[in-house]
Amino acid sequence: MTARPDRQAIQAEILRQIAALPPGKSISPSDVAKALQPEGWQSLLALVRQAAVALAREGKIEVLRKGKPAELDDLRGVIRLRAPFVAPAAD
């Protein structure tokens with residue numbers, strides 16, 4: 001049996017995957033879990049969600065529900081993760 005990744009490893013993988021995306025694109029928590037633990041990845045989903053919420057509270061990522069920023073204190077259902085939206089600078 002392989003050791004479970006800790007929160008730091010999970011957060012690093014979330015940030016790595018998001019950094020590889022084109023602007024505006026998102027990933028699923030399952031993408032992160034599968035990358036870290038290809039077999040039995042489902043057992044990591046709750047930890048990935050917790051790590052994502054922590055990153056979102058730090059402003060490092062956005063957690064989306066139905067395409068809109070999610071309420072982090074009441075996070076339910078299917079979510080996606082992406083880089084924070086940065087509005088273009090006004091000229």
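For clarity, every value in this text was computed on a predicted model and none was experimentally measured. Computed over heavy atoms, backbone and side chain alike; hydrogens, waters and symmetry mates excluded.
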Task: Atom CD of Gln8: over 12 foreign heavy atoms under 6.0 Å - done: no
Open item on the list: Using every non-hydrogen atom in the two residues, find where Ala56 and Val63 come nearest and quote the distance to one decimal.
Closed with: CB-CG2, 3.8 Å
Task: Side chain to side chain, Ser43 and Arg4, heavy atoms closer than 4.5 Å - done: yes
Task: Heavy-atom pair of closest approach, residues Pro69 and Glu62 - done: CG-OE2, 4.4 Å
Task: Heavy-atom side-chain proximity of Leu64 to Ile79 below 4.5 angstrom - done: no
Open item on the list: Within this structure, what is the CZ-CD1 distance for the pair Arg16 and Ile27, rounded to the nearest 0.5 Å?
Closed with: 9.0 Å
Task: Side-chain cluster (under 4.5 Å, hydrophobic types only) that Trp41 belongs to, other residues - done: Leu45
TODO: Would you check if the side chain of Arg82 reaches a backbone N or O of Leu21 as a donor-acceptor pair within less than 3.5 Å?
DONE: no
Task: Spacing of CD belonging to Glu39 relative to NZ belonging to Lys34, to within rounding of 0.5 Å - done: 13.5 Å
Task: CG-CD1 distance between Leu55 and Ile18, expressed to the nearest 0.5 angstrom - done: 7.5 Å
Open item on the list: Could you check whether any side-chain N or O of Arg65 sits under 3.5 Å from a backbone N or O of Arg76, counting only pairs where one atom can act as donor and the other as acceptor?
Closed with: yes
- [ ] Please report the shortest heavy-atom distance between Gly59 and Pro84, naming the atom on each side.
- [x] O-CG, 3.3 Å
Open item on the list: As an exercise, state the distance from CD of Glu13 to CD of Gln37, rounded to the nearest 0.5 Å.
Closed with: 12.5 Å
TODO: Can you run down the side-chain hydrogen bond (donor to acceptor under 3.5 Å, both in side chains) pairs that involve residues 46-57, sequence neighbours left out, and say none if there aren't any?
DONE: Arg57-Asp73
Task: Minimum-distance pair of heavy atoms, taken over all atoms of Pro5 and Ile10 - done: O-CD1, 3.9 Å
